[in-house]
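Report on the following structure.
Counting convention: from 1, in listed order, for ligands and their atoms alike.
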Amino acid sequence: MINKVKVNIPNNDKKSYYIHIGPSADGSLSYTAADIAKRFPRSKCFIITDTNVEKLYAREFNKLIAGQGIASEIISFPYGEKSKTRKTKEYIENQLIKSGANRNSVIIALGGGVVGDIAGFVAATLFRGVPFIQIPTTLLAQVDSSVGGKVGVNHPLGKNLIGAFYQPDAVYIDVSTLTTLSDAEYRNGLAEVVKYGAALDIKLFELLARNADKILSRDTKLLKNIIERCCELKAEVVNKDEKEKSYRRILNFGHTIGHAVEKLSHYKIPHGAAVSIGMVAEAEMAFRLKILDRKSVVKLKMLLTHLGLPIDLPKNYSVPDYVKATQTDKKAVEDKILYTLIDKIGSGVIDVPLTSDDVEALLISRNYSAKFRL
Ligand code: NAD
Ligand code: GLY
């Protein structure tokens, strides 16, 4: 069965859209192809994907779209974060224009967050905006990046520095695509799932804690419920603050220190692992600030550990290294960084202003706290 979650865009119902969550009995990619054909009967589809997902799903999906009598073509680029560049965007644009794309053409992102972010940015700027569909195939993309309209590419000086807010016309999630994901990529997505529980929904957090083993065995039925809940939570946040003027920053819990960890490791530590470490560091900072109780910090560490995620700041960098690496954070205001912390499990607090000295002191006291070890 396909479940649907609506993303209501404030003051612009024409931009509101549905997230369709499968699997469905007759195959979700068939359902998706039929639904797209119904919506865009006279448009040509361009399936943007990476070299891994091309082999796994895009060729089959291209045939399903053709089977609906719709012209369709695959544009693929090498997999991985290193491809999330202006150069790849230019390559895709060149292919689209050479292949006769026009304002009615539909850009379909089929893949993980890298594919979704680049394809969405292409869709936002090609002819000043063309229809855009997200078909996320990683857990991270299904619970986070495919929903909410943040699209963009990296710059050598930082991640996601060039981009736009451009909402998709629909998102189609097939949870069964997660069976082909590597353990490392799967865990990456789990960190974002824990973030939703920790910052927004204690019931989700408790469900995760009760079912950690089943989650690790990728039980499709349970995953479908969890992914649907994460999509509902993200939809609520986007509805309150589409352009991240304030409340959307609730989704940044764990991300300020997390981004510093990613950056210092030259992106060798993947995003999810870095966010896991970041959530623990920021929860411990919240404890030191007397915002959060110790039991909640321990619960967070136990859940992340159970899910196979790291919780300790890598020791090969010093506290001042971490503090310095947070300073180019997009959330910086004058000399302060606005942190998103939690004050209990399921309750995030945005815009906690902290200076570099504050953060250094908090991280140092964290490092010397033997009592915190699990
Ligand atoms: P990714 O797109 O690089 O995918 C990870 C790997 O999994 C790739 O090698 C890909 O080819 C492979 N893959 C994808 N689907 C697969 C499947 N079903 N089976 C087997 N392999 C598969 O990385 P990601 O973790 O999905 O996304 C990370 C990106 O998302 C980052 O660039 C990050 O900045 C971005 N992001 C964006 C937002 C947003 O709101 N736009 C939010 C969070 C993260
Ligand atoms: N990934 C955070 C956001 O979409 O705002």
Side-chain angles (χ1 to χ4, degrees), residues 7 28-29 48-58 60-61 76-85 88 109-121 124 134-155 158-168 171 173-193 195-196 199-200 218 230-231 233-238 240-255 258-259 262 267 270-275 330-331 340 348 350:
V7 185
S28 295
L29 285 182
I48 316 295
T49 192
D50 70 22
T51 41
N52 285 335
V53 182
E54 178 182 6
K55 287 184 223 130
L56 285 167
Y57 303 108
E60 181 200 342
F61 186 63
S76 158
F77 60 83
Y79 69 87
E81 188 72 30
K82 62 190 176 311
S83 282
K84 202 172 131 179
T85 59
T88 307
L110 178 60
V114 167
V115 168
D117 282 12
I118 302 188
F121 194 25
Q134 288 266 21
I135 311 179
T137 60
T138 62
L139 180 57
L140 181 137
Q142 295 184 352
V143 297
D144 190 1
S145 63
S146 65
V147 176
K150 281 190 184 174
V151 295
V153 294
N154 299 331
H155 181 275
K159 273 191 69 164
N160 301 324
L161 294 187
I162 304 159
F165 285 95
Y166 193 68
Q167 299 294 341
V171 180
I173 295 174
D174 178 357
V175 175
S176 54
T177 56
L178 300 181
T179 51
T180 52
L181 211 55
S182 69
D183 284 342
E185 294 300 350
Y186 182 66
R187 274 198 297 271
N188 240 345
L190 285 179
E192 296 288 355
V193 172
K195 179 197 75 181
Y196 282 107
L200 288 163
R218 305 193 197 187
C230 293
C231 287
L233 291 165
K234 181 134 189 197
E236 279 166 28
V237 172
V238 170
K240 286 191 180 134
D241 177 21
E242 183 195 359
K243 302 269 167 76
E244 199 172 295
K245 299 268 187 276
S246 59
Y247 182 64
R248 188 165 171 167
R249 290 199 280 274
I250 198 96
L251 299 173
N252 293 336
F253 173 53
H255 281 60
H259 283 156
E262 270 184 289
Y267 300 94
H271 183 71
V275 167
K330 281 180 287 191
K331 297 166 283 289
T340 299
I350 62 166

Could you go step by step and tell me if Val275 and Phe253 meet the side chain to side chain contact (heavy atoms under 4.5 Å, CB included) rule?
CA-CA 8 Å; Val275 167; Phe253 173 53; over 6 Å; no

For residues 178-185, dump all side-chain donor-acceptor pairs below 3.5 Å to protein atoms at least two apart in sequence or in another chain.
residue	atom	partner	partner atom	Å
Thr179	OG1	Ser176	O	2.7
Thr180	OG1	Tyr57	OH	2.7
Thr180	OG1	Thr177	O	3.0
Ser182	OG	Glu185	N	3.2
Asp183	OD1	Arg218	NH2	2.8
Glu185	OE1	Asn188	ND2	3.2

Assess the side chains of His255 and Glu262: does a donor N or O sit below 3.5 Å from an acceptor N or O?
no

Say whether, by atom type as modelled, one donor and one acceptor occur between the side chain of Thr88 and the main chain of Ser83 under 3.5 angstrom.
yes

Flag, side chain of Thr49 to backbone of Gly111, donor-acceptor distance under 3.5 Å
no

Ligand 1: protein residues within heavy-atom distance under 4.0 Å
Asp50, Asn52, Val53, Leu56, Tyr57, Tyr79, Glu81, Lys84, Gly112, Gly113, Val114, Asp117, Thr137, Thr138, Leu140, Asp144, Ser145, Lys150, Lys159, Asn160, Thr177, Thr180, Leu181, Glu185, Lys234

Quick one: table the atom pairs, ligand 2 N or O against protein N or O, below 3.5 Å, distance rounded to 0.1 Å.
residue	atom	partner	partner atom	Å
ligand 2	1 (N)	Asp144	OD1	3.0
ligand 2	1 (N)	Asp144	OD2	3.3
ligand 2	4 (O)	Lys234	NZ	2.6
ligand 2	4 (O)	Arg248	NH2	2.7
ligand 2	5 (O)	Lys150	NZ	2.9
ligand 2	5 (O)	Arg248	NE	2.7
ligand 2	5 (O)	Arg248	NH2	3.3

Main chain of Glu242, side chain of Arg248: is a donor-acceptor contact present, judged purely on distance under 3.5 Å?
yes

With Glu236, which residues qualify under salt bridge (charged side-chain N to carboxylate O under 4.0 Å, His left out), at least two apart?
none

Just checking, is any N or O donor in the side chain of Gln134 or Ser146 under 3.5 Å from an acceptor N or O on the other one?
no

Report yes or no: does Lys234 contribute a side-chain atom to a donor-acceptor pair with the main-chain N or O of Asp144 at less than 3.5 Å?
yes

